[in-house]
Each structure stands twice: as C-alpha cells, then as structure tokens.
Asker: 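Handing you this structure, nothing more for now.
What you are looking at is a predicted structure, and each value in this text was computed from that prediction instead of being measured. Just so it is clear: chains get the letters A, B, ... in the order the sequence lines come, proteins before strands, and each one is counted from 1.
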Amino acid sequence: MIRNLVIVESPAKAKTIEKFLGKDFTVKSSFGHIRDLAKKNLGIDIEKGFKPEYIISDEKKKVVDDLRKSANEAETVWLASDEDREGEAIAWHLSEVLKLDKKKTKRIVFHEITKDAIQNAIKNPRGIDYNLVNAQQARRILDRLVGFELSPILWKKVKPALSAGRVQSVAVRLLVEREREIFKFNSTSFFKVNGVFDGKVEIKAELSDKLKNLKETLDFIESCKDATFTISDISKKPSKKTPAPPFTTSTLQQEASRKLNFSVSQTMTIAQKLYEAGHITYMRTDSVNLSDTAIDAAKKTICEEFGEKYHNPRRYKTKSKGAQEAHEAIRPTYLDNHKITGSSAEQRLYELIWKRTIASQMSDASIERTVVTINISTSNYKFVATGEVILFDGFLKVYFESSDDDSEETGKDLLPPMKAGQVLTPKEIIANERFTQRPARYTEASLVKKLEELGIGRPSTYAPTISTILNRGYVLKEDRDGIERKYVSIVLKKGKVTKEEKVEITGSEKAKLFPSDIGIVVNDFLVEYFKNILSYNFTATVEKEFDDIAEGKIEWAKMIDQFYRPFHKDVEKTLRESDYSKGERSLGPDPKSGKEVIVRIGRFGPIAQIGESNTETKEKPQYASLLKGQLIETITLEEALKLFSLPRNLGLYEEKEVVIGIGRFGPYVRHASKFVSLKKDDNPLSIPLERAIELIEEGRKKEREKVIKVFAEDNTLQLLNGRWGAYLNHKGDNFKLPKGTDASKLTYNDCLKIIGEQKPTNKKKKPQGKTKR
DNA sequence: CAGTGAGCGAGCTTCCGCTTGACTT
C-alpha cells in the first residue's frame, strides 16, 4: 500500500527527494514525457481544430504501467514535474493517462531540492495550469506541422530522407550564411609596428596606428634611424575583472569545448554521469541561479581555503525571461569536494564546474594598467607600451573564462620603473605585414551560443540538434589544413634596415562546422519559399504567442490556425510551382570539347559534368565526383576539369595496375581487385605511386590482423578485430564479447556459449525501431 | 567502389523537448 505517490521527471531526482520525504512517500519517475503525437498522418486532426492524437510509445509502456499500478494504490498522487511549459504538460499527460481522480491528485512545484522547499511545496499544492499546458500543446503542434510538412517537400524537390524544422533549419542557415561571408571576404593587408627598447627589462611597445602600405612603412622605418625616443607620458589606471556567472548548459558546453576540447555531446554524456553519481546538480538548465545552501557552502569553502577577503557573495539573474527558475545553475552538489573519483574526463569536467562555481562567489580581481607613451622625434606616430599588474587576484586565483577569438596575445608584461622625459634606446623595430581577419567558422559550441542568443532551442536539445544537422549531411565537422601566405617583414636593427619576405600558415581549422552542398541547396530552397520560418526571429515571435496562450490571453487553436492557414498555402504553392533543386552552377566551356561544364548535386552527391545527355545523338555526358572540401558554390573550372583525370592509372605494382579513383566511400586505390581508402592527407589528383603502394601494403597488413582466430572445429566461426576491438563472427552474424574477456584465450566452447547466450549485434533494426537522432 | 531522376514500382524517410539506457562492426 502506498500512501503518497510523488512523480518527477528524472530517476536521479526521485532518489534525492525520497530521502527528504520519509516513508509515507514513494517517489517515482516518468522519465520525461510519457506520450507524444502519433507519427502517422501528422498525429493532428486539422479539420477538428488541430486535435492532437497522443500515443504512448513502446519504450514508455513499461514506465506507464508501473506508474499506473502505483497510482491506483496510492491515496494521494503528487505531480511534481518542473514548473515550466513542458513540466506542466508532463503533469497533465500523467493525469490523463493514469486517469487520476481529481480529488486525490495534487500538483506541486519546488524551486530547490531541499527538505524545506519540498515540504513547503507539499503544504501548498495547486491544480494543473491548463493555460500552460495549452501553450505546450501549441508549441508541440506547431513544430510537428512545420517539420512534417516541410520535410516531404524536400524529399520531392531535393532528395529523400531530408528534414527541415524550426530549429535545425535555422542552425543550418547560420552556417551557410557564415560560409558565404567567408567566401566574400576580401582580406586587406596593413603593417603593424613593434619596438623593443633597452632597459633593465626589455620594453615592448606597439605603434599606436597601423600603417596602410609598404611605402608608408618603409618611410617610417627609415625615419626611425635617426630618431630620438622619449617617454612623454606615463598613466596608471586601476581596473577590475569580475567573475563569470555559474554554468548553464550552453556556457558549460562552450567552456568544455574551449578548455577541454570536448564536443557538446561528449560534455553532456560526461555531465550526465556526474549527475547520476550525485556529484553535480542537473545538467540541462538555462538558469544561473544558485540556491542559498550553495551560496553558503561556497562562502565556507572560500573563506577556509583562500581567506575572507576572497569572498564576495553574488546572486545572478537569468537573462531569458519567464518563470524558468525551476532549475539551478550547474554546480557541484558538495562544494567542499574539490575533486571526485571517476574517469579522467569526468574529473576534468567536474573540476571545471567546481572552479567556475567557486569563482562566481569570489571577489573581483583588481588590476593596474600602466600605459607608457613614447614620442618619436621624426614622426607624429607614437609607440605605446602597456603593462598590467594584478594588485589583487581575487577570483582569478581559481578560474578565468576563455574566449572564442584566438587573436594574438598582446604583450601585457610587467614594465620596469620609468619616468617621463626618459630617453629610450631602440634595440629593434619590426614592421610585419598583417591581414584583416575573415569571420570565424562556427564550432559546435559557438553555434550553440548563437542559437541560445536567438532564443532557438532548449538546453535539452542543443546537442541533439547538432547531431541532426550532422547526420542529415547538411554540415560536416572537419579539420582543414591552412594555406601558406607570404608577408613582408621589415626590421631596423643597429641602424640597418632589412626587408624580407616570409611565409606563414593561415586559415587552418580544427573541429569546425562546414556547410555541405546539400546543406546549402536545402537552405537556399527553404529561404526562398519559407522566408518566415527560416527567419532568425521566427522562434522569438511564436514564443511570444505561446506566452500569451500561457497567460490565457489567446486560445491555442486560434493561434495555430492563424499560423497554419498561410503556411499551408505556401506548402501547396511550393509543391506546385518550385523546380527540382540540384544547386546547378555553370562553370563555362570545357577548353577541349567546347561543351559546357556544370556542377550540381547528383544522385550520390555533388558532381561535375561535361556536356549534356542527348537522346537523339545518344551522347552521354562525362561525370566526376567532387572532392571533400570542394563546394559547388566555389569550385573553379580548372579544379573541376582536374577531377576528370580520375580514375587514374599510376602504373604497375607486382605486375598489376594501381588505379586511383573516387567511390562511394571517398577516394581509393585499387590494386588486384582490392580497395584501400586514401588517408585524409592524400590528394587523389596528385598521389605518387610509392605512396599508393604504401597504402596497399597497409591494407594487406590490416587484413592479416583482422582474423585473430579461426576454429578448427568450425571454420565459419571466427574471432575478428573490428573498430571497437575483438568480436565474434559466425555465418555472417556478429557477437559482442563479454567485458574484460581476453580474446586470444577464448576456446571453441567459450565462443559457442557466447553465441548461445547473445543476440547478434548486426541484425537489421526492428521494423518499429526507434529513430536515432 | 556503380551510378549521377523521367519512362514497372510498395512503402519508407521527417519535427522539438522531456528523459535514460541499449547499442554500436
């Protein structure tokens, strides 16, 4: 017999709460939403006022059955999901699905997981807020309508199995537009002049202005030969630095990316582990709020470890409006725990969270900036030396937030004592040609930051959204090598001016997001026909209306109707009038044949094509796939023509032809009817025979190592080496080895046992298998 | 490891936000 059943969203939260409530209360979890719109036929009856059809998915049936059983037994059911739109909807779905009797059902919310807060909530129950529920239903239905009406248009007009949605399509748009800014960007050069002056310590100064061109720079450097350098002014300015607020999902993803090189999904998986182990508070939150308990604990830790003057209590306000303070910021549950046990990634992420939280409750750092101005007797330009002294480190003792732009660090060293009027002797004056910087490509984390600024997506969806646009092939996450760039360097040393041309590497990228051709074509198509939904403020606009529904100012079905009618008209018009979209672009005539060279999206990806097929003359065009990194939008005629040199015969090896080509899995070398993929750095257009042979041999070695053991008793049973280590193969079925098995020691009987006990891992998905995002 | 939308053709793909496992060749 259960007297009181409390239902929350997450099992970890259930466990914590149960401790506070005593034995009269049983706490269970709904594991998020328990039902959703049916996937067939939209799941919405548009004719009947957008009536939603909700379905409990197979995975959730067990959870629901269990909850139903407990609810029937219970005297009182307490629905304790979050206070926001989604949480209210969860409570409502529960009350509907479990057919809860209103008299014995109570809705409660708490803002903090503490004994007091929870007991207080129990004392102040309320009913379900149907306006809030309706706002959620409107959000859900709008997203379904947009996603399930736009995606099929893409299947017909671009390519099957593509997708579009309120969030993902705007994310792709951001990347496409940034890439276009980069195409268009024209870098201009200027000269930056640095002076090094003698002193007890070297004094490094920078010319206050950038010089426009080479002539001006040479004139200036010449003029420095006979110049006197005098300190004209020394000013000292106090300044301070303030700690960043505690982590939200988005800021945690950004810092873990910058400081630890984690992808956003890695960060979330590790944070989930920390949460389940009880080390940190909930990791999906947009709140920067710390509980009173946490603020007190931080005070204690800071005072004990660093002293009272390092402590400065602060309360942070979440910028995104609304009553979303249901969650706290992401923080350690026990602030006196500096470190935890766990994997190295877990430890590092925990430490980051600990430092950020502690720092947010520490004093400002106070800094003194010294600016020394140095006059040049032969010029109106001035040198400026900047020094920084930290007078009090404050929060900097534990933590400093990184920033995205990796601009060159300017020398902010300690300056030696100096006084105005002092004459300085130049040791060296260097003018280097510099270039204006193109806009930066997005990383996963900087894209999340941008989406959050636009109010698009939620903490629980940032990582899945990135996976979606990667999985659809709209976006590639890649490293790119930089290119060499020449620059001029002029040095004045010991009265002599030398001019030199130097080379630097520029534009290299690591783990950056690049839009693909398909991403660009889909984006352009959607922007042309659905400008409204693709606009950056579409979400903000509809959010306002959802808020109005939540406040009872408008009726949800009316809002949806007003959106849907014009939208659906656009959908029909687009299906009727738009052309098949393959991103075609003409590059001009082929110098050999005079036929037109075009690039476009083909059935299997972007291709270049010479000539057109002609049914009368039975003429067929030539085709060649584009290489990785080449885009329809930017490829030149010369680059495209080079692609037609594939497949290319490099010569003979062991009396058989070595051929380079591009296939389904990218560039390959073929030899004796075996295929080996080229490595990332190999260019199929220029790879030499020796390197190809190297790859062939590598391929042979791998194949030799692939088979660990074949059993004499049954040669269809093999132990093989795969991407994730050893596995068993039997007549085409694969089997996982139990954890910690030493593959080389397995006997025939051991293997038979494994096969008997396990299901093959490579079987086709169940017909009703869940979709992976 | 081909092919580069017609031209036999069923039925499928897809959204966003809540939550965890199950699972990966």
Asker: Considering every strand and a 4.0 Å limit on heavy-atom distances, what is the contact class for A:Ala89: base, sugar-phosphate, or nothing?
Answerer: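 Nothing: the residue A:Ala89, judged by heavy atoms under 4.0 Å, touches no strand.
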
Asker: Base, sugar-phosphate, or nothing: which does A:Gly165 touch, judged by heavy atoms less than 4.0 Å apart?
Answerer: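 Sugar-phosphate, no base atom in range.
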
Asker: Send over the distance from A:Ile607 CD1 to B:dG3 P, rounded to a whole Å.
Answerer: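 Interatomic distance, CD1 of A:Ile607 to P of B:dG3: 12 Å.
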
Asker: Within the structure shown, what part of the strands sits under 4.0 Å from A:Leu145 by heavy-atom distance: base, sugar-phosphate, or nothing?
Answerer: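 Touches nothing.
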
Asker: Any idea which of B:dT20, B:dG17, B:dT13 is nearest the A:Ala161 side chain?
Answerer: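 Nucleotide nearest to A:Ala161's side chain: B:dT13.
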
Asker: From the list B:dT20, B:dA2, B:dC15, which nucleotide is the closest neighbour of the side chain of A:Tyr668?
Answerer: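 Side chain of A:Tyr668 sits closest to B:dA2.
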
Asker: Could you tell me whether the side-chain ring of A:Phe148 sits stacked on the base of B:dT14, using a centroid cut-off under 5.5 Å and a plane angle under 30°?
Answerer: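 One would call A:Phe148 stacked on the B:dT14 base.
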
Asker: Identify whether any heavy atom of A:Glu149 sits under 4.0 Å from a base atom; if not, whether one sits that close to sugar-phosphate; answer base, sugar-phosphate or nothing.
Answerer: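 Counting heavy atoms under 4.0 Å across all strands, no contact is made by A:Glu149.
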
Asker: So, does A:Arg458 get its side chain near the phosphate of B:dC16, meaning an N or O under 4.0 Å from OP1 or OP2?
Answerer: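 No, because none of the side-chain N or O atoms of A:Arg458 sits under 4.0 Å from OP1 or OP2 of B:dC16.
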
Asker: Report yes if a side-chain nitrogen or oxygen of A:Arg85 is closer than 4.0 Å to either non-bridging phosphate oxygen (OP1 or OP2) of B:dC16; otherwise report no.
Answerer: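 No, outside the criterion.
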
Asker: Can you tell me if A:Ser169 and A:Tyr474 form a side-chain donor-acceptor pair at under 3.5 Å?
Answerer: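 No, no side-chain donor-acceptor pair sits under 3.5 Å.
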
Asker: Choosing from B:dC18, B:dC16, B:dT20, which nucleotide comes nearest the side chain of A:Asp143?
Answerer: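 Closest of the options to the side chain of A:Asp143: B:dC16.
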
Asker: Whether the side chain of A:Ser287 engages the backbone of A:His327 through a donor-acceptor N/O pair (distance < 3.5 Å, no angle test) should be reported.
Answerer: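 Here the side-chain-to-backbone pair exists.
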
Asker: I need the CD-C1' distance between A:Glu86 and B:dG17, as an integer number of Å.
Answerer: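 In whole Å, B:dG17 C1' lies 5 Å from A:Glu86 CD.
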
Asker: For B:dT13, does either OP1 or OP2 sit under 4.0 Å from a side-chain N or O belonging to A:Ser163?
Answerer: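 Result: no.
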
Asker: Is there a donor-acceptor pair closer than 3.5 Å between any side-chain N or O of A:Arg648 and the backbone N or O of A:Ile660?
Answerer: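 Absent.
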
Asker: Out of B:dT20, B:dC15, B:dG17, which has the shortest distance to the side chain of A:Arg140?
Answerer: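 Given the options B:dT20, B:dC15, B:dG17, the side chain of A:Arg140 is closest to B:dC15.
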
Asker: Quick check for you: among B:dG17, B:dT20, B:dT13, whose closest atom lies nearest to any side-chain atom of A:Met283?
Answerer: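 That would be B:dT20.
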
Asker: Under 4.0 Å, counting only non-hydrogen atoms across every strand here, what does A:Pro11 touch: a base, just sugar-phosphate, or nothing?
Answerer: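 Sugar-phosphate contact only.
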
Asker: Would A:Arg166 pass as a cation-pi partner of A:Phe538, given that its NZ or CZ must be under 6.0 Å from the six-membered ring centre and within 45 degrees of the axis?
Answerer: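 Cation-pi check for A:Arg166 and A:Phe538: fails.
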
Asker: Under 3.5 Å for both pairing distances: what stems, at least three Watson-Crick or G-U pairs long, include DNA chain B?
Answerer: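 Stem list for DNA chain B: none, no run of 3+ pairs.
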
Asker: Nearest-nucleotide wise, let me know which of A:Pro667 and A:Ser29 is further upstream toward the 5' end of DNA chain B.
Answerer: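 Closest to the 5' end, via its nearest nucleotide, is A:Pro667.
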
Asker: In whole angstrom, what separates A:Leu79's CG from B:dC18's C1'?
Answerer: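 Roughly 15 Å, once rounded to whole Å.
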
Asker: Using the C1' atoms only, state how far B:dG5 lies from B:dG9, rounded to an integer number of Å.
Answerer: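 Their C1' atoms lie roughly 14 Å apart.
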
Asker: If you find the nucleotide of DNA chain B closest to A:Glu543 and the one closest to A:Leu42, which residue's nucleotide is nearer the 5' end?
Answerer: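 Its nearest nucleotide being more 5', the pick is A:Leu42.
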
Asker: For B:dT14 and A:Arg472 - does any side-chain N or O of the residue sit under 4.0 Å from the phosphate oxygens OP1/OP2?
Answerer: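 It does, given that an N or O in the side chain of A:Arg472 lies less than 4.0 Å from OP1 or OP2 of B:dT14.
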
Asker: In whole angstrom, give me the gap between the P atoms of B:dT24 and B:dT20.
Answerer: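 Their P atoms lie roughly 22 Å apart.
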
Asker: Once you round it to whole Å, what is the distance between C1' of B:dA22 and NZ of A:Lys62?
Answerer: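 These atoms are roughly 12 Å apart.
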
Asker: Going by the rule ring-ring contact (aromatic ring centres under 6.0 Å, His included), which residues pair with A:Phe644 if we only count those two or more places apart in sequence or in a different chain?
Answerer: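 Testing A:Phe644 for ring-ring contact (aromatic ring centres under 6.0 Å, His included), a comparison that skips the adjacent residues, returns none.
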
Asker: A:Gln168 near the nucleic acid: base, sugar-phosphate alone, or nothing, with a heavy-atom cut-off under 4.0 Å?
Answerer: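 Here A:Gln168 touches the backbone only, sparing every base.
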
Asker: Any side-chain N or O of A:Ser460 under 4.0 Å from OP1/OP2 of B:dC18?
Answerer: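 Result: yes.
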
Asker: Would you classify A:Gly457 as touching base, sugar-phosphate or nothing, given that sugar-phosphate means primed atoms plus P, OP1 and OP2, and contacts are heavy atoms under 4.0 Å?
Answerer: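 Sugar-phosphate contact only.
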
Asker: How many Å lie between CD1 on A:Ile7 and C1' on B:dC18, as a whole number?
Answerer: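 Result: 15 Å.
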
Asker: Test of understanding: with ring-ring contact (aromatic ring centres under 6.0 Å, His included), list the residues that count as partners of A:His93, not counting sequence neighbours.
Answerer: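 ring-ring contact (aromatic ring centres under 6.0 Å, His included) check on A:His93 returns A:Tyr54.
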
Asker: Starting at CG of A:Leu37 and ending at C1' of B:dC18, how long is that distance when rounded to a whole Å?
Answerer: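 In whole Å, B:dC18 C1' and A:Leu37 CG are 14 Å from each other.
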
Asker: Determine, stepwise, if the pair A:Glu453 / A:Tyr536 fulfils side chain to side chain donor-acceptor pair (under 3.5 Å).
Answerer: CA-CA 10 Å; A:Glu453 280 167 13; A:Tyr536 292 126; over 6 Å; no

Asker: Which nucleotide sits closest to the side chain of A:Ser625: B:dT13, B:dG3, B:dT19?
Answerer: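 So the side chain of A:Ser625 is nearest to B:dG3.
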
Asker: Does a distance-only test, which skips hydrogens and angles, find a donor-acceptor pair under 3.5 Å between the side chain of A:Arg139 and the base of B:dC16?
Answerer: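 A donor-acceptor contact between them is present.
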
Asker: Using the six-membered base ring of B:dT14, report whether A:Trp155 stacks on it, requiring centroids under 5.5 Å and planes under 30° apart.
Answerer: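 Aromatic stack with B:dT14 absent for A:Trp155.
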
Asker: Under 4.0 angstrom, heavy atoms only, what part of the nucleic acid is A:Val146 near: base, sugar-phosphate, or nothing?
Answerer: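 Contact class for A:Val146: none.
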
Asker: State whether A:Trp92 and A:Arg140 meet the cation-pi test: NZ (Lys) or CZ (Arg) under 6.0 Å from the six-membered ring centroid, and within 45° of the perpendicular axis.
Answerer: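 Not satisfied by the 6.0 Å and 45° rule.
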
Asker: Give A:Tyr282 one of three labels, base, sugar-phosphate or nothing, depending on what nucleic acid heavy atoms sit under 4.0 Å from its own.
Answerer: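 Result for A:Tyr282 = sugar-phosphate.
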
Asker: Measure from the ring centre of A:Phe604 to the centre of the six-membered ring in the base of B:dT4, then say whether that distance is under 5.5 Å and the planes meet at under 30°.
Answerer: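 According to the criterion (under 5.5 Å, under 30°), no, A:Phe604 does not stack.
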
Asker: Looking at the side chain of A:Ser151, which of B:dC15, B:dC18, B:dT13 is the nearest nucleotide?
Answerer: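 When the side chain of A:Ser151 is considered, B:dC15 is the closest of B:dC15, B:dC18, B:dT13.
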
Asker: Just compare B:dT20, B:dG5, B:dC15 and give me whichever is closest to any side-chain atom of A:Phe31.
Answerer: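 Closest nucleotide to the A:Phe31 side chain: B:dT20.
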
Asker: Strictly distance-based, threshold 3.5 Å: is any side-chain N or O of A:Asp66 a donor or acceptor partner for the main-chain N or O of A:Lys62?
Answerer: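 Pair absent, no side-chain N/O of A:Asp66 close to backbone of A:Lys62.
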
Asker: Of the candidate nucleotides B:dG17, B:dC15, B:dT20, which contains the atom at the shortest distance from the side chain of A:Glu276?
Answerer: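 So the side chain of A:Glu276 is nearest to B:dT20.
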
Asker: Could you check how far CD of A:Glu59 sits from C1' of B:dC18, rounded to whole Å?
Answerer: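 Result: 13 Å.
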
Asker: Does the side chain of A:Ile34 come within less than 4.5 Å of A:Leu98's, by heavy atoms?
Answerer: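 A side-chain contact is absent here, since even the closest heavy-atom pair is not under 4.5 Å.
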
Asker: Whole-Å distance between B:dT19 C1' and A:His327 NE2?
Answerer: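 It works out to 11 Å between those atoms.
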
Asker: Only one of A:Asp143, A:Asp286, A:Asp82 passes salt bridge (charged side-chain N to carboxylate O under 4.0 Å, His left out) with A:Arg458; say which it is.
Answerer: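 Of the listed options, the one satisfying the test is A:Asp286.
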
Asker: Any side-chain N or O of A:Arg166 less than 4.0 Å from the OP1 or OP2 oxygen of B:dG17?
Answerer: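 Yes, such a contact exists.
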
